[in-house]
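Hydrogens, waters and symmetry mates play no part in the numbers below; they use all other heavy atoms, side chains included. Residue numbering restarts at 1 for every chain, and letters A, B, ... go by the order of the sequence lines.
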There are 2 protein chains.
Amino acid sequence: MRQTIVLNARQQQMLDRISQEGEVRIADLRELFPVTEMTIRRDLEKLEEAGSVRRTFGGAIFVGQDVALKERTGLLTAEKARIGRQAAALIRPGESVFLDGGTTTLQIARSLPAGMSVTVVTNALNVASELAGKRIPTIMTGGTLLESTHSLVGPIAVQTLAGMAFDRAFLGTTGVSVEHGFSNSNLYEAEIKQLAIRQSGETAVVADHTKFGAKVLVSFAELSGVQRIVTDEAPEEALRQACLEKGVQLDIAD
Amino acid sequence: MRQTIVLNARQQQMLDRISQEGEVRIADLRELFPVTEMTIRRDLEKLEEAGSVRRTFGGAIFVGQDVALKERTGLLTAEKARIGRQAAALIRPGESVFLDGGTTTLQIARSLPAGMSVTVVTNALNVASELAGKRIPTIMTGGTLLESTHSLVGPIAVQTLAGMAFDRAFLGTTGVSVEHGFSNSNLYEAEIKQLAIRQSGETAVVADHTKFGAKVLVSFAELSGVQRIVTDEAPEEALRQACLEKGVQLDIAD
DNA sequence: ATGATAATGTTAAAAACGAACATAATTATG
DNA sequence: CATAATTATGTTCGTTTTTAACATTATCAT
């Protein structure tokens, strides 16, 4: 886990300013603060480590709570992108598709070509944001906003979902194991995932290889509960065998 | 209006890659494309003009549809921020509040102190994103995503809203005039605004001074239909008089 | 074909960056 | 309280990246 970075007064002031202006140049900061350019540069470096700011040539821009961006700079991006592309390739024109929250499902949205004739239903803010600019018809479920994942859950989400049917659902997961099936650490998210599976013709779980073998709080489906797993690396023998037996298609993204 | 920037095949490919990876270095691009560093740099410059990319030292990062950033660099930000603060000050702890889409209502969300004990209901993606990091309970209506404003509308939004009641609603508007009342250019958004007024104890319209006198397609309420207008400058005499007569409180942000 | 326009390449100077070390300020410790 | 250790800031300088200016090549319209 990344440790919290503590900011001094000047750095906090800088961050305030950058968040207000959206952008700042080092030259401007030098007039505002009686310190060397080098110190300002070090401050910005620190703010960048904290994830609040991104340095540009000669300055910095605010990224703040931009989840999307943070994810991109996060771990395993390349792998997730590959998984996303592979999963997106499953979608046929005209289909209605459910995408839930998570960094990997976001990559699916990102891989959809602009203007594609599919209808996407999602409970994830970042997925919706991504699709908003792509001329792809998008419907959000509504619901209570979860801070941790920026997804919508709870009774409103359930009610909306219950009235819909999808050709295909793509779900993220925190753990995949033979005994515990697919699991998630949040009960309410798990509820949505279960419902999505029920309302969908075919369900694919997207999961990078680090998820194999992990079990967390709530199991939202058994292995046999979904038709397909899209991942980046083949899992160990036991899991692979279990998938084979239970008729779960394993898609390894190349 | 900013004119559309046309990209050639290579630039489109670059953008695809940057949007997928989130970030790219010029050195990498040079291996991918058989052109000079200078040409790549010019390509990135063009992508930056188009607003899709931000150049960093030695590369570029994807910004894509980052609404937040665009708004900040947009017009009248300072005025809208003032309006937002003034409007946010109306909210009492414990209340349930509806915020609709728009750059000014976003400023209300931005002005709410983190952790405040209010429940916010919104149909706007950017408002929800803003609140997600602030430990403020947030509910989204769900609905069909409108590209133009990143807000949710249509039957799902209507149905969800119909089952709720607010202490307070804050609505953006495109036009305010004596005869046409409050108007909006999108029929579906107007429908949501009307419903929000109906479900809310008190409604405030937030509008900067440039909206005064303007009339656009759909009127979603008469002047007397709301209790309050929060703005940055007093409107002309006729409108001010009409507000006075119809019991609409005029709040000028300082 | 030919001239105009746009795209790309080349070169050199300017700007920004990062590393290394020096110095000042702050904090910990005997 | 003095002094060592740590941290923050300043300075210098070499490296990298960027930009500007001009040269060349490709593309297009006439």
OP1 or OP2 of [N] under 4.0 Å from side-chain N/O of [X]:
{"X": "B/T39", "N": "C/dG9", "result": "yes"}
{"X": "B/R55", "N": "D/dT19", "result": "yes"}
{"X": "B/R10", "N": "C/dT8", "result": "yes"}
{"X": "A/R42", "N": "D/dT7", "result": "no"}

Using whole Å, report how far [atom1] of [X] lies from [atom2] of [N].
{"X": "B/D43", "N": "C/dA7", "atom1": "CG", "atom2": "C1'", "value": "10 Å"}
{"X": "A/E45", "N": "C/dC17", "atom1": "CD", "atom2": "P", "value": "11 Å"}
{"X": "A/R25", "N": "C/dA16", "atom1": "CZ", "atom2": "P", "value": "7 Å"}
{"X": "B/M14", "N": "C/dA7", "atom1": "CE", "atom2": "P", "value": "14 Å"}
{"X": "A/L44", "N": "C/dA16", "atom1": "CG", "atom2": "P", "value": "13 Å"}
{"X": "B/N8", "N": "D/dA26", "atom1": "CG", "atom2": "P", "value": "17 Å"}
{"X": "B/R30", "N": "D/dT17", "atom1": "CZ", "atom2": "P", "value": "9 Å"}
{"X": "B/M38", "N": "C/dA14", "atom1": "CE", "atom2": "P", "value": "17 Å"}

Nucleotide nearest [X] (side chain, heavy atoms from C-beta), chosen from [options]:
{"X": "A/V35", "options": "D/dG10, D/dT17, C/dA16", "answer": "D/dG10"}
{"X": "B/I26", "options": "C/dA19, D/dT18, C/dC17", "answer": "D/dT18"}
{"X": "A/F57", "options": "C/dT10, C/dA16, D/dG10", "answer": "C/dA16"}

Does any donor atom in the side chain of B/K80 or B/T104 lie under 3.5 Å from an acceptor atom in the other side chain?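 Distance-only check fails for B/K80 and B/T104.
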Once you measure the plane-to-plane angle for A/F98 and A/F166, does it fall in the parallel (<30°), tilted (30-60°) or perpendicular (>60°) bin?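 Tilted.
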For B/K215 and B/S183, run side chain to side chain donor-acceptor pair (under 3.5 Å): C-alpha distance rounded to whole Å, both residues' side-chain angles, the deciding distance at 0.1 Å, then the answer. CA-CA 6 Å; B/K215 314 171 195 177; B/S183 53; over 6 Å; no
A/E37 near the nucleic acid: base, sugar-phosphate alone, or nothing, with a heavy-atom cut-off under 4.0 Å?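 Contact class for A/E37: none.
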First locate atom CD of B/Q13, then atom CZ of B/F33, and finally report the distance between them rounded to the nearest 0.5 Å.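 Those atoms lie 4.5 Å apart.
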Under a 4.0 Å N-O cut-off, is there an ion pair linking A/R41 with A/E37?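 So A/R41 pairs with A/E37 through a salt bridge.
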